[in-house]
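Worksheet for the structure shown next.
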Number of protein chains: 2
Amino acid sequence: MNASEPAPGLLALAQDFREALRHSIYLVRRLDADGELSAAQLSMLKMLMDAAPGSGGSASSASGVRVGEIARNLGVKVPSATEQIIKLERAGLARREPDPNDSRAVRVTLTEAGTAAVASANERRNAVLAGILSSLSDDDRAALAAALPVMGRINATLQA
Amino acid sequence: MNASEPAPGLLALAQDFREALRHSIYLVRRLDADGELSAAQLSMLKMLMDAAPGSGGSASSASGVRVGEIARNLGVKVPSATEQIIKLERAGLARREPDPNDSRAVRVTLTEAGTAAVASANERRNAVLAGILSSLSDDDRAALAAALPVMGRINATLQA
DNA sequence: GTTCATAGTTAGGTAGCCTAACAGTTAGGC
DNA sequence: GCCTAACTGTTAGGCTACCTAACTATGAAC
């Protein structure tokens, strides 16, 4: 046995968590099979929506999100982001504009169609998942709700 | 309260859960970036390992798992499973043998190298994740642990 | 002993990611 | 003022993992 015991329950928890995440792929796939918008595209659209600081558009910071920032937010490399952006643009869901302050940069914003698409795709997926969650007990739902912030904290760790 | 309403908090919970899963992609990617074995391949190997009912190999039921069963277990179509199996075979981690009772079928089993690869890849990933989990509070870990069976129940729903 | 169903493979295609190489823009050093 | 270095994004080429459709071979039913 290795003397360097890093905590006995910790490894077991890691194992189980990993297992749960692995199985969750099905769930995500099921939800995404919904149609029309792929998971990657929906993620990007959602990010763009969150980034739009309301329509108020304070003139201080140019509107839209830069490609590099999008890539960082989505956890992919810049060329991958470009690829997705081009697809969204072709689908009429996003728009690319030159940054007025830095001609190297590109600002990406949602079109109206994009905003609408996010909302509808989101709602449909939420409804499907809500249907599944409705079959759980109240206790189960409470346990799940309690764990979500923890998962958020775990994910936040990775940003650093 | 809500007689007809599809449940107000349910949609919110679905939304948050979906968000958490979406972010968890980073985690999974990080864990899988580990090297040598891809997520898909590790999943398949792990499944084969779980399916092997001990090494005793009772002659009663032929050993190994059939391709269709593998596909069903992994939530992919048969050709996708075949593809992965062939890769594992070429890597010397799995073995394909004709089913003695049904010449249409193929039985897939792990080689010794496959068993070893699962164990080592698994341990490495668990260790990385355990490191992350170790920075959480006890309460957080308890909340996470409590939610895992719930996630399992959710995932089980999909099988049906 | 045809005919129908089942098991798996092959062929061809798509989405999403990557690295490497490139072009244009900005910012310093002198 | 330039010339070099750093930065932003696109293009090119390649990989993995998934899919559907078409095929082969075996088994089962009648």
Side-chain angles (χ1 to χ4, degrees), chain A residues 22 25-45 47 62 64-91 93-109 121, chain B residues 22 25-47 62 64-91 93-109:
Chain A
R22 188 163 75 80
I25 293 173
Y26 298 86
L27 219 200
V28 172
R29 273 217 268 267
R30 163 84 59 104
L31 257 25
D32 288 340
D34 195 354
E36 97 183 42
L37 240 43
S38 75
Q41 291 177 335
L42 181 55
S43 280
M44 184 173 291
L45 290 176
M47 215 232 24
V65 185
R66 296 168 58 142
V67 175
E69 204 175 339
I70 291 175
R72 222 173 321 113
N73 275 318
L74 296 183
V76 300
K77 300 297 180 186
V78 169
S80 306
T82 296
E83 193 178 326
Q84 291 300 335
I85 292 165
I86 289 174
K87 280 184 193 167
L88 292 179
E89 195 177 33
R90 272 206 272 267
L93 303 177
R95 203 182 300 119
R96 273 196 293 183
E97 296 159 345
D99 186 321
N101 304 328
D102 183 346
S103 329
R104 292 172 303 182
V106 169
R107 294 269 167 189
V108 182
T109 49
Chain B
R22 189 164 72 81
I25 293 172
Y26 298 87
L27 218 200
V28 173
R29 273 217 271 267
R30 163 83 60 104
L31 257 26
D32 289 339
D34 196 355
E36 99 183 38
L37 239 46
S38 76
Q41 291 177 335
L42 181 55
S43 279
M44 185 174 290
L45 289 176
K46 200 186 291 189
M47 215 229 26
V65 184
R66 296 168 59 141
V67 175
E69 203 175 340
I70 291 175
R72 220 173 324 108
N73 275 318
L74 295 183
V76 300
K77 301 297 180 187
V78 169
S80 305
T82 296
E83 194 179 325
Q84 291 301 334
I85 292 165
I86 289 174
K87 280 185 192 166
L88 291 179
E89 194 176 33
R90 271 206 274 266
L93 304 176
R95 202 183 301 120
R96 273 194 294 182
E97 296 158 345
D99 186 321
N101 305 327
D102 182 347
S103 331
R104 293 172 302 179
V106 169
R107 294 270 169 190
V108 181
T109 50

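Lettering follows sequence order; numbering is per chain, from 1.
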Report yes if some heavy atom in the side chain of [X] is under 4.5 Å from a heavy atom in the side chain of [Y]; otherwise report no.
X: Ile70(B); Y: Met47(B); value: yes
X: Glu89(A); Y: Arg95(A); value: no
X: Asp99(A); Y: Val106(A); value: no

Donor-acceptor contact below 3.5 Å, side chain Ser43(B) vs main chain Ala39(B):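 Pair found, side chain donor or acceptor close to backbone of Ala39(B).
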
Under 3.5 Å donor-acceptor, Ser80(A) side chain and Val76(A) backbone: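 Absent.
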
Presence of Arg96(A) side-chain N/O under 4.0 Å of dT10(D) phosphate oxygens OP1/OP2: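 So the side-chain polar atoms of Arg96(A) do come within 4.0 Å of the phosphate oxygens OP1 or OP2 of dT10(D), strictly under.
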
OP1 or OP2 of dT26(C) under 4.0 Å from side-chain N/O of Ser103(A):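 Yes, such a contact exists.
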
dT6(C) base / Arg104(B) side chain donor-acceptor hit below 3.5 Å: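 Indeed, a donor on one side and an acceptor on the other fall under 3.5 Å apart.
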
Between [X] ([atom1]) and [N] ([atom2]), how many Å, whole number?
X: Asp99(A); N: dT8(D); atom1: CG; atom2: C1'; value: 11 Å
X: Ile86(A); N: dT11(D); atom1: CD1; atom2: C1'; value: 9 Å
X: Ile70(B); N: dC18(D); atom1: CD1; atom2: P; value: 13 Å
X: Asn101(A); N: dG24(C); atom1: CG; atom2: P; value: 22 Å
X: Lys77(A); N: dT11(D); atom1: NZ; atom2: C1'; value: 18 Å
X: Leu88(B); N: dT16(D); atom1: CG; atom2: P; value: 13 Å
X: Ile85(A); N: dC17(C); atom1: CD1; atom2: P; value: 12 Å
X: Arg107(A); N: dT8(D); atom1: CZ; atom2: P; value: 12 Å

Touch class at under 4.0 angstrom, heavy-atom based, for Val106(B) against every strand present: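 Touches sugar-phosphate only.
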
Minimum-distance pair of heavy atoms, taken over all atoms of Gly68(A) and Val78(A):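 Smallest heavy-atom distance, with atoms named: CA-CG2, 4.1 Å.
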
Closest nucleotide among dG9(D), dT26(C), dG8(C) to the Asp102(A) side chain: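 Minimum distance to the Asp102(A) side chain belongs to dT26(C).
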
Contact nearer the 5' end of DNA chain C, comparing Val78(B) with Gly75(A):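 Its nucleotide being nearer the 5' end, the pick is Val78(B).
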
Identified pairing partner of dC30(C), criterion: Watson-Crick or G-U wobble below 3.5 Å: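 Partner of dC30(C): dG1(D).
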
Below 3.5 Å is the cut-off: list the nitrogen or oxygen pairs between protein and nucleotides 11-16 of chain C, distance only.
residue, atom, partner, partner atom, Å
dG16(C), OP1, Ser38(A), OG, 2.4
dG16(C), OP2, Gln84(A), NE2, 3.4
dG16(C), OP2, Lys87(A), NZ, 3.3
dG16(C), O5', Gln84(A), NE2, 3.4

Test applied, side-chain contact (heavy atoms from CB on, under 4.5 Å); reference residue, Leu88(A); option that passes from Arg96(A), Glu83(A), Gln41(A):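 So the option named by the test is Gln41(A).
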
